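Take a look at the structure below.
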Amino acid sequence: SANILCFSQSRDSLFQTLNQYQSAGDKAVKALRISDSLRRINPYTAYQYALLSKELKHGNDSLTGRANIAISNYYISRAKYDSSIYFLDLAQQIFTNRTDSSSLSKVLIQKGVVNYYETNYEKAIENLLTASGILENINDSILLASVYNNLGSFHQSRDNEYEKALEFYT
């Protein structure tokens, strides 16, 4: 019961923080930041803040796309991969329409991870290779290194394709 009280008080203080902002857009951005920071600590509360951010977005498509990714994370934590892919598809549409390559690559990476969890290795590798092409074009070596790491791991998991995995680790 002490944990519930502590959680309740911290949640109330987060809502008070949100109420300090006047515009719905500012509240939406802050709600998404709270969602991101709670993602691993309390997935359900992070999910609620992502939903709130999506409600408050006020025409900000980029924010809606990021909220969809955050909502997807909640479904991943619950092993509800179809729901996760649904929200990632929504985010992918937004970032494709906005020609936001960096955000689109993040969606494809996340989709690849979900495909991997579903043991759909072919689709996982396809999404990661698409993301790697985008990241090479925009010279994002940090995310590209993460993609190569995932590709190596995925190939290793897939019938122990060690030689193929080594291509991505070197």
Side-chain angles (χ1 to χ4, degrees), residues 3-4 6-120 123-124 126-128 130-132 134-135 138 140 142-147 149-151 153-154:
N3 286 339
I4 293 171
C6 181
F7 174 72
S8 175
Q9 289 173 343
S10 67
R11 185 177 166 145
D12 289 344
S13 67
L14 291 174
F15 274 114
Q16 287 175 355
T17 300
L18 279 180
N19 288 330
Q20 292 174 359
Y21 294 94
Q22 297 298 316
S23 79
D26 290 342
K27 286 181 183 181
V29 169
K30 187 63 174 179
L32 191 56
R33 285 188 185 139
I34 292 170
S35 174
D36 288 343
S37 65
L38 292 174
R39 184 172 69 126
R40 288 190 171 93
I41 300 165
N42 189 325
Y44 182 69
T45 302
Y47 165 76
Q48 290 176 314
Y49 278 100
L51 288 175
L52 178 62
S53 175
K54 198 170 170 176
E55 282 178 28
L56 295 170
K57 63 157 173 56
H58 270 2
N60 186 332
D61 286 343
S62 179
L63 195 60
T64 301
R66 290 176 44 219
N68 284 329
I69 294 170
I71 292 166
S72 168
N73 288 331
Y74 169 72
Y75 287 116
I76 291 170
S77 76
R78 297 290 176 248
K80 294 183 177 185
Y81 303 126
D82 288 344
S83 296
S84 177
I85 290 291
Y86 171 80
F87 284 97
L88 289 171
D89 284 343
L90 293 176
Q92 184 174 354
Q93 288 173 345
I94 289 168
F95 295 131
T96 298
N97 291 340
R98 293 178 56 84
T99 61
D100 182 344
S101 298
S102 179
S103 296
L104 178 60
S105 68
K106 291 173 186 174
V107 170
L108 291 168
I109 293 166
Q110 191 75 356
K111 285 177 90 170
V113 170
V114 173
N115 297 141
Y116 176 80
Y117 290 154
E118 295 175 309
T119 65
N120 186 347
K123 190 69 176 168
E126 177 186 324
N127 278 314
L128 289 177
T130 302
S132 72
I134 293 169
L135 293 167
I138 62 173
D140 187 334
I142 294 171
L143 268 182
L144 189 57
S146 174
V147 168
N149 182 53
N150 283 332
L151 281 165
S153 296
F154 292 2

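Nothing here was measured: the structure is a model prediction, and the numbers come from that model.
- Panel note: side chain S72, backbone N68; no donor-acceptor pair is recorded below 3.5 Å.
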Task: Intermediate values then yes/no, side chain to side chain contact (heavy atoms under 4.5 Å, CB included), L52 and K27 - done: CA-CA 9 Å; L52 178 62; K27 286 181 183 181; over 6 Å; no
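- Interatomic distance, I71 CD1 to S83 OG, rounded to the nearest 0.5 Å: 11.0 Å.
- Counting only N and O atoms by type, the side chains of S23 and D26 include a donor and acceptor under 3.5 Å apart.
- Side-chain atoms of L128 and L108, non-hydrogen and from C-beta on, never get closer than 4.5 Å to each other.
- With values rounded to the nearest 0.5 angstrom, D61 atom CG is found 12.0 Å from S103 atom OG.
- Annotation: side chain of L135 is in contact with side chain of I109 (closest heavy-atom distance under 4.5 Å).
- When all heavy atoms are compared, the tightest approach of A46 to S35 is O-OG, 2.7 Å.
- Among all heavy-atom pairs drawn from L143 and D140, the shortest one is N-OD1, 3.0 Å.
- Side-chain atoms of L88 and K106, non-hydrogen and from C-beta on, never get closer than 4.5 Å to each other.
- With sequence neighbours excluded, the residues that form a side chain to side chain contact (heavy atoms under 4.5 Å, CB included) with S146 are N150.
- Using a 4.5 Å cut-off on side-chain heavy atoms (C-beta onward), Q110 and I76 make contact.
- Here the shortest heavy-atom pairing between A50 and A67 reads O-CB, 3.7 Å.
- Here Y86 pairs with nothing under the ring-ring contact (aromatic ring centres under 6.0 Å, His included) rule; sequence neighbours left out.
- Side-chain atoms of S153 come within 3.5 Å of backbone N or O of N149 as a donor-acceptor pair.
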Which atom pairs, one a donor and one an acceptor, fall under 3.5 Å between side chains of residues 91-98 and the rest of the protein, sequence neighbours left out?
residue	atom	partner	partner atom	Å
Q92	OE1	K111	NZ	2.6
T96	OG1	Q92	O	2.7
N97	ND2	Q93	O	3.2

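- Expressed to the nearest 0.5 Å, how far CG of N115 lies from CZ of F154 amounts to 8.5 Å.
- Nearest heavy atoms, S105 versus I134: CB-CG2, 4.0 Å.
- V29 is linked by a side chain to side chain contact (heavy atoms under 4.5 Å, CB included) to R33, L63, counting only residues two or more places apart in sequence or in another chain.
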TODO: Show the numbers, then the answer: is there a side chain to side chain contact (heavy atoms under 4.5 Å, CB included) between K54 and L90?
DONE: CA-CA 12 Å; K54 198 170 170 176; L90 293 176; 4.3 Å; yes
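- For the atom pair Q48 CD and N42 CG, the distance stands at 8.0 Å (nearest 0.5 Å).
- Rounding to the nearest 0.5 Å gives a distance of 9.0 Å between CD of E126 and CG of N120.
- For S77, the side chain to side chain contact (heavy atoms under 4.5 Å, CB included) test picks out P43, Y74, with sequence neighbours left out.
- Residues meeting the ring-ring contact (aromatic ring centres under 6.0 Å, His included) test with Y75, sequence neighbours left out: Y47, F87.
- Once rounded to the nearest 0.5 Å, the distance linking NZ of K80 with CD1 of I85 reads 15.5 Å.
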